Q: 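Below is a structure I'd like to ask you about.
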2 protein chains.
Amino acid sequence: MEKQTVTIYDVAREAAVSMATVSRVVNGNPNVKPATRKKVLAVIERLDYRPNAVARGLASKRSTTVGVIIPDVTNIYFASLARGIDDIAMMYKYNIILTNSDDAGEQEVNVLNTLMAKQVDGVIFMGNHIDDKLRAEFKRAKAPVVLAGTVDPQGDTPSVNIDYAAAVEESVTNLIQRGHKKIALALGPLSQSINAEYRLTGYKRALNKAKLPYDDKLIYEAGYSYDAGTKLQPVIADSGATAVFVGDDEMAAGIINASIESGVSVPDDLEVITSNDTIVTQITRPAITSITQPLYDIGAVAMRMLTKLMNDKELDEKTVTLPYGIARRASTKSAK
Amino acid sequence: MEKQTVTIYDVAREAAVSMATVSRVVNGNPNVKPATRKKVLAVIERLDYRPNAVARGLASKRSTTVGVIIPDVTNIYFASLARGIDDIAMMYKYNIILTNSDDAGEQEVNVLNTLMAKQVDGVIFMGNHIDDKLRAEFKRAKAPVVLAGTVDPQGDTPSVNIDYAAAVEESVTNLIQRGHKKIALALGPLSQSINAEYRLTGYKRALNKAKLPYDDKLIYEAGYSYDAGTKLQPVIADSGATAVFVGDDEMAAGIINASIESGVSVPDDLEVITSNDTIVTQITRPAITSITQPLYDIGAVAMRMLTKLMNDKELDEKTVTLPYGIARRASTKSAK
DNA sequence: AAACTAATTGAAATCGCTTTCATGAAAATA
DNA sequence: TATTTTCATGAAAGCGATTTCAATTAGTTT
């Protein structure tokens, strides 16, 4: 017993007006006599009519849906961005089709294509790296794309980020000023430009400015996870580094816990600074000093930009850089 | 300069066949002569034709999209379920429209309605409480609904959960066996049935079985957050409780950190058990003993059930209860 | 009251695809 | 070879809205 669906035609008939008129009142078109509007509204209410968004999408060529590509919803960093995106989307009456890409290039392309097939009006992309193939797809897509918390050194896709290089440079400089000579850098895959082209650059700049030698033995490549951190810790300990900058909060938590459990004191023997200021930084003991990012806002601003693009408006700036900060917590010593 | 879109009509013309035939090859209908199929496929390739999912949805009355209602994507517990949902959805070629509800009844109803308007083929609902209004909407919806990690004591909506009451009962019983007489219970809002009707029940059963008195002064109601935990800790400390069962991992982390910082030793002065076994339980020191839940599977199974319902198949069981466990970590002492 | 402008409406085409039904061709059976 | 069956295919009718354009009605202005 399939549930009966009420269509615009039913409303038109019952209200003794044309479908066009019903469509007008549903869409708030002002060219409707108040009396007519009232009559139609009454019928809509009585029949409990809900416009079919799919039909509407086909006719109007706008789905009021945007696609969001995220590496993994369970990653707090990206989930926080997603929250900002969704709130603004809802504010503008858009729905979100959310898909996990696992940061895998092929999957990202697939997902983008199915999103386009669903006729999304726009796409927000989050990821750690953008390769040529993906870039080509962005160009090819007929809906606008905005990057959130995601850098593309090559492309000209609109994006919202903080200045990662500067943030790392400042963090590392702080460490240097406290006397550290051997500072490790624990990152995710160096195949990703966020690591290889931004964080590493910031790190090198700090070293250069302080005339400290660069030693690639101090650069560690690991996964974005707690376990990756615990496994990496002994290696870092062996390197003789007295401080470490970490690219992911969970990884940092792993490093800290493993350090303490192996008798390495944080911050006395090893100072730790991390990147994303998620709740994890407050949960560990010691709590972790971190670059602070306006996570929610990165998502929110990206979505705002996308709404402009979807309405064919010009963007004030294509590449938005939001301010970052540094939250000092117990995993670093106080400044000299 | 709007990008040109290739339609099924274009393909039909170029391939010198009818739209029906193109539709057949696109949908893998076997009733097409191999030679024809090949010819059509070649044209599809050449024109780079992608079927418009919206048009398809209108014509076929199936959108291959399911709605997912989640309290908050940044909540690791629900995000983990969402990940399971998405993976299975992708496996069955469904897309996910994800919306945050903030656990707010009104918002949940709204969101459900816009999902239905978008013609989703089904809905997965996650939340902490289901009231009559929502229940009524579920009934009214013409697409099937499945609850994931979400209980509804009244309703008969299909659902996937663990036996929360039993899990709490076992946890609390463990505490009792270690000699605790005053065991606090720190939960989210008691207006939510997961707390008032499941966790509390399990707690009382454990007490009853051990002939321990029930004292509602030991029941605490707070928010699902780290800060709520830190604020609650002194109150618990004052109560004289020597153990506490907590309904949320972040809250538990807050309680643990605040305890230690105020000189209360965990587990010596206060044993702590929590509910969701998220990564948080491994990050705190001491790590937190927790009920373990197959989070990913809860989502995955829920999505599997939904696909059955969407294809008008019968469910083997409407109420699926997955097994739970208890992971003993340092926030509790070892069993006697 | 005639003439003209502005405000409301409705008819009908469209959006891009699925699906039913009829038909002719090819294969199988008698 | 005549007669059934089975295959392949196309024509055309929707699906449920939006939107253009023309027609009608109501209001204004002389």
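So that the names make sense, note that chain A is the first sequence line, chain B the second, and so on, each numbered from 1. All heavy atoms count here, side chains included; hydrogens, waters and symmetry mates do not. Because the structure is predicted, anything quoted here is derived from the model rather than measured.
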Q: Any salt bridge linking B:D86 with B:R83? Criterion: basic side-chain nitrogen under 4.0 Å from a carboxylate oxygen.
A: no
Q: Inspect the contact between B:E314 and B:K308 and indicate whether a charged nitrogen and a carboxylate oxygen are less than 4.0 angstrom apart.
A: no
Q: Tell me, please, the opening and closing nucleotides of DNA chain D, 5' to 3', among those with an atom under 4.0 angstrom from a non-hydrogen atom of chain B.
A: D:dA8 to D:dG16
Q: Please give, in whole Å, the distance from C:dA25 P to B:N31 CG?
A: 18 Å
Q: Send over the distance from B:K61 NZ to C:dG16 C1', rounded to a whole Å.
A: 16 Å
Q: Okay, side chain of A:N75, backbone of A:Y77: is any donor-acceptor separation there less than 3.5 Å?
A: yes
Q: Does any donor atom in the side chain of B:K93 or B:T64 lie under 3.5 Å from an acceptor atom in the other side chain?
A: no
Q: What is the separation between atom CZ on A:R56 and atom C1' on C:dG16, rounded to the nearest whole Å?
A: 19 Å
Q: Would you say the side-chain atoms of B:T65 and B:K118 include a donor-acceptor pair closer than 3.5 Å?
A: no
Q: Is B:Y49 near enough to C:dC17 that one of its side-chain N or O atoms lies under 4.0 angstrom from OP1 or OP2?
A: yes
Q: Figure out the CZ/C1' separation between A:R37 and C:dT8, and round it to whole Å.
A: 11 Å
Q: Between B:A55 and B:T21, just flag the one whose closest nucleotide in DNA chain C comes earlier from the 5' side.
A: B:A55
Q: Could you point out which residue of A:I298, A:D103, A:I70, A:I69 forms a side chain to side chain contact (heavy atoms under 4.5 Å, CB included) with A:M126?
A: A:I70
Q: May I have the distance from A:R62 (atom CZ) to C:dC15 (atom P), rounded to whole angstrom?
A: 18 Å
Q: Taking any heavy-atom pair under 4.0 Å as a contact, classify B:V17: base, sugar-phosphate, or nothing.
A: sugar-phosphate
Q: If you assign B:P34 and A:V22 each to the DNA chain D nucleotide with the nearest heavy atom, which residue ends up on the more 5' nucleotide?
A: B:P34
Q: Side chain of B:A20 only, please: which of C:dT19, C:dC15, C:dG10 is the nearest?
A: C:dT19
Q: Looking across every strand, which nucleic acid part, if any, lies under 4.0 Å from A:V54 by heavy atom: base, sugar-phosphate, or nothing?
A: nothing
Q: Touch check for B:A12, heavy atoms < 4.0 angstrom, all strands: base, sugar-phosphate only, or nothing?
A: nothing
Q: Quick one: label A:N52 by what it contacts on the DNA or RNA (base, sugar-phosphate, nothing), any heavy atom closer than 4.0 Å.
A: sugar-phosphate
Q: Looking at B:T7, I'd like to know whether one of its side-chain N or O atoms comes within less than 4.0 Å of OP1 or OP2 on C:dC15.
A: no
Q: Atom NZ of A:K38 to atom P of C:dT8: distance rounded to whole Å?
A: 16 Å
Q: Counting any heavy atom closer than 4.0 Å, what does B:A35 reach on the DNA or RNA strands: base, sugar-phosphate only, or nothing?
A: nothing
Q: Quick check on the 6.0 Å ring-centre criterion: do B:F138 and B:F125 meet it?
A: yes
Q: Give the rounded distance in Å between these two atoms: CG of B:N29 and C1' of C:dT19.
A: 10 Å
Q: So what does A:S23 hit on the nucleic acid, given a heavy-atom distance under 4.0 Å: a base, only sugar-phosphate, or nothing?
A: base
Q: Please report the distance, rounded to the nearest Å, between CZ in B:R13 and C1' in C:dG16.
A: 14 Å
Q: Can you tell whether the side chains of B:E108 and B:K133 come within less than 4.0 Å, N to carboxylate O?
A: no
